[in-house]
Amino acid sequence: ILSALAMTLLADIPADRLPPAGYWNPGCIGTNGLTYRTNLFNALPAPDSWDTNLNVKDFGAVGDGTNDDTAAIQAAIYWSNGKALYTFIHLPAGRYKTTSTLELGDPTGSGFTSRILYGDGPTNTFIESYNSSGAAIDATCPSYASTRTANLSVPASKGATTITLAAWDNSYFNAPVNWGIIYTPNNSDAGPPWSYAPGYMVNCHAQIVHIIARDSSAKTITFDSPSYFDLDTNSVFTIFYGSAARWDTSVGVEDLSVENKSGFNSHNILFKNVFNSFIHNVESKNAYKWHIRFESCARCTIDNCYIHG
């Protein structure tokens with residue numbers, strides 16, 4: 001029955017736009033076939049066995065709904081800058097009053113690390129935001145500094161994981177940057193999908209890719225997910241250069257409730273310029289703008305969330 005339902009749901013998607021597996025998976029698929037969020041959290045040791053599992057109460061948070069816990073929670077988040085690859089920041093059951101944005105990302109590029117903000121479940125851990133100037137939780141990271149593009153020199157079929165470029169810029173394509181985009185514009189003047197009016201992008205194909213290997217002599221780029229469409233020599237590969245290297249890190253929010261108590265017109269949760277990130281088992285209440293907003297992100301997942309008010 002489920003298979004029949006899945007095929008029914010896919011019936012309106014043109015066959016040439018379906019990915020090779022026949023379905024869309026929003027997560028970054030790891031070697032075990034699971035999405036990135038499952039790889040990141042469940043495949044690691046339990047958080048309480050980590051030296052980098054922080055309890056916000058050790059930083060002065062009270063969680064009584066009256067005291068302002070903003071500085072204590074932020075101190076726990078900032079403690080992880082430049083330290084372990086993964087840091088778990090635990091908010092035990094309670095009501096955490098905040099009066100300014102909790103900066104979960106790294107907007108200035110000062111020393112980002114992958115970090116997960118988690119509670120004891122959305123009926124036990126509450127973030128009550130009285131912030132009047134921004135989102136309750138903001139996971140913004142630096143954008144890419146620049147890009148470099150090259151056309152393909154050899155066509156590649158849908159399902160391919162390696163492309164051959166017509167030109168190779170060592171400064172960019174050999175740099176330790178692992179993200180790019182492949183796209184086929186509908187005309188030679190269209191340019192990258194994010195830079196031009198929608199009219200240029202009619203029937204444009206575009207896909208974010210995670211680079212896992214490169215060969216400068218052969219001018220090839222290999223990525224971890226198959227191409228969703230056929231590529232020809234009009235197709236273009238663009239590498240994200242500079243701060244985009246930070247996009248190999250991840251951000252997660254899970255097992256808690258977020259509520260806008262201020263009435264200010266802002267988001268409850270904002271993710272910006274992040275890849276491989278997730279929001280899981282979160283309740284969002286009374287947002288006066290977006291409950292959850294992803295901007296300039298890719299391969300992120302939202303699941304088991306309850307949004308209302």
Side-chain angles (χ1 to χ4, degrees), residues 37 40-41 44 47-48 50-65 67-122 124-143 243 246-262 266-282 284 292-295 297 300:
R37 184 254 161 207
L40 177 64
F41 199 77
L44 296 173
D48 59 8
W50 282 59
D51 291 336
T52 50
N53 183 56
L54 309 179
N55 188 321
V56 296
K57 291 194 172 183
D58 292 335
F59 291 79
V62 179
D64 63 356
N67 286 275
D68 186 353
D69 289 323
T70 311
I73 298 172
Q74 194 64 64
I77 294 171
Y78 283 162
W79 183 92
S80 66
N81 280 353
K83 293 186 173 65
L85 178 58
Y86 300 110
T87 300
F88 297 90
I89 300 144
H90 183 209
L91 284 74
R95 295 185 176 274
Y96 296 88
K97 178 181 178 180
T98 59
T99 55
S100 60
T101 298
L102 295 176
E103 297 285 358
L104 188 61
D106 183 30
T108 63
S110 59
F112 185 72
T113 184
S114 296
R115 46 199 175 208
I116 296 92
L117 186 70
Y118 74 103
D120 288 341
N124 298 305
T125 298
F126 304 87
I127 295 176
E128 299 179 335
S129 175
Y130 292 84
N131 183 13
S132 61
S133 60
I137 300 173
D138 188 336
T140 293
C141 292
S143 182
S243 298
R246 298 184 182 277
W247 291 352
D248 281 335
T249 57
S250 308
V251 179
V253 177
E254 69 177 3
D255 296 332
L256 51 79
S257 174
V258 183
E259 181 176 6
N260 183 337
K261 290 276 195 176
S262 70
S266 66
H267 316 301
N268 273 3
I269 302 176
L270 171 64
F271 277 29
K272 184 176 181 180
N273 299 330
V274 295
F275 287 5
N276 287 342
S277 297
F278 64 86
I279 298 173
H280 169 71
N281 194 30
V282 167
S284 175
I292 298 172
R293 175 168 177 163
F294 284 85
E295 182 179 339
C297 299
C300 296

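Position 1 is the first residue of the sequence, and the numbers go up from there. All figures in this text were calculated on a predicted structure; none of them were measured in a lab.
No hydrogens or angles considered: nothing links the side chains of Asp138 and Thr101 as a donor-acceptor pair under 3.5 Å. In the model, Asp120 has a side-chain atom that pairs as donor or acceptor with a side-chain atom of His90 under 3.5 Å.
Closest approach of Gly60 and Ala72 over heavy atoms only: C-CB, 3.6 Å. Between Gly134 and Ser266 the shortest heavy-atom distance is O-OG, 3.0 Å. Taking each heavy atom of Ala61 and Asp69 in turn, the nearest pair found is CA-OD1, 3.4 Å. Taking every heavy atom of both residues into account, Ala76 and Val56 meet most closely at CB-CG1, 4.2 Å. When all heavy atoms are compared, the tightest approach of Gly65 to Glu128 is CA-OE1, 4.2 Å. Residues Asn131 and Ser262 come closest through the heavy atom pair O-OG, 2.8 Å.
In this structure the side chain of Asn260 never reaches within 4.5 angstrom of the side chain of Ser284, judged on heavy atoms. Put simply, the side chain of Glu254 reaches to within 4.5 Å of the side chain of Phe278, judged on heavy atoms. With contacts defined as side-chain heavy-atom distances shorter than 4.5 Å, the pair Asp68/Tyr130 does not qualify. Residues Asn268 and Ser129 are not in side-chain contact: their nearest non-hydrogen atoms beyond the backbone lie 4.5 Å or more apart. Tyr96 has its side chain within reach of Thr125: a pair of non-hydrogen atoms, C-beta onward, lies under 4.5 Å apart. In this structure, Gln74 and Phe59 have side chains that are not in contact, with every pair of non-hydrogen atoms separated by 4.5 Å or more.
The side chain to side chain contact (heavy atoms under 4.5 Å, CB included) with Leu256 is formed by just one residue from the set Asn281, Asn124, Ile127; it is Ile127. Of the residues Val258, Thr98, Ile77, Ile73, the one that meets the side chain to side chain contact (heavy atoms under 4.5 Å, CB included) test with Ile137 is Val258. For the side chain to side chain contact (heavy atoms under 4.5 Å, CB included) criterion with Leu102, the lone passing option out of Thr70, Ile269, Val253 is Thr70.
The backbone N or O of Phe126 lies less than 3.5 Å from no partner atom in the side chain of Ser257, so there is not a single donor-acceptor pair.
In this view, Asp64 and Asn67 satisfy the side-chain hydrogen bond (donor to acceptor under 3.5 Å, both in side chains) rule, not counting sequence neighbours.
The distance from atom NE2 of His280 to atom CD1 of Ile116, rounded to the nearest 0.5 Å, is 12.5 Å.
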side-chain contact (heavy atoms from CB on, under 4.5 Å) between Trp79 and Ile89, intermediate numbers included: CA-CA 10 Å; Trp79 183 92; Ile89 300 144; over 6 Å; no

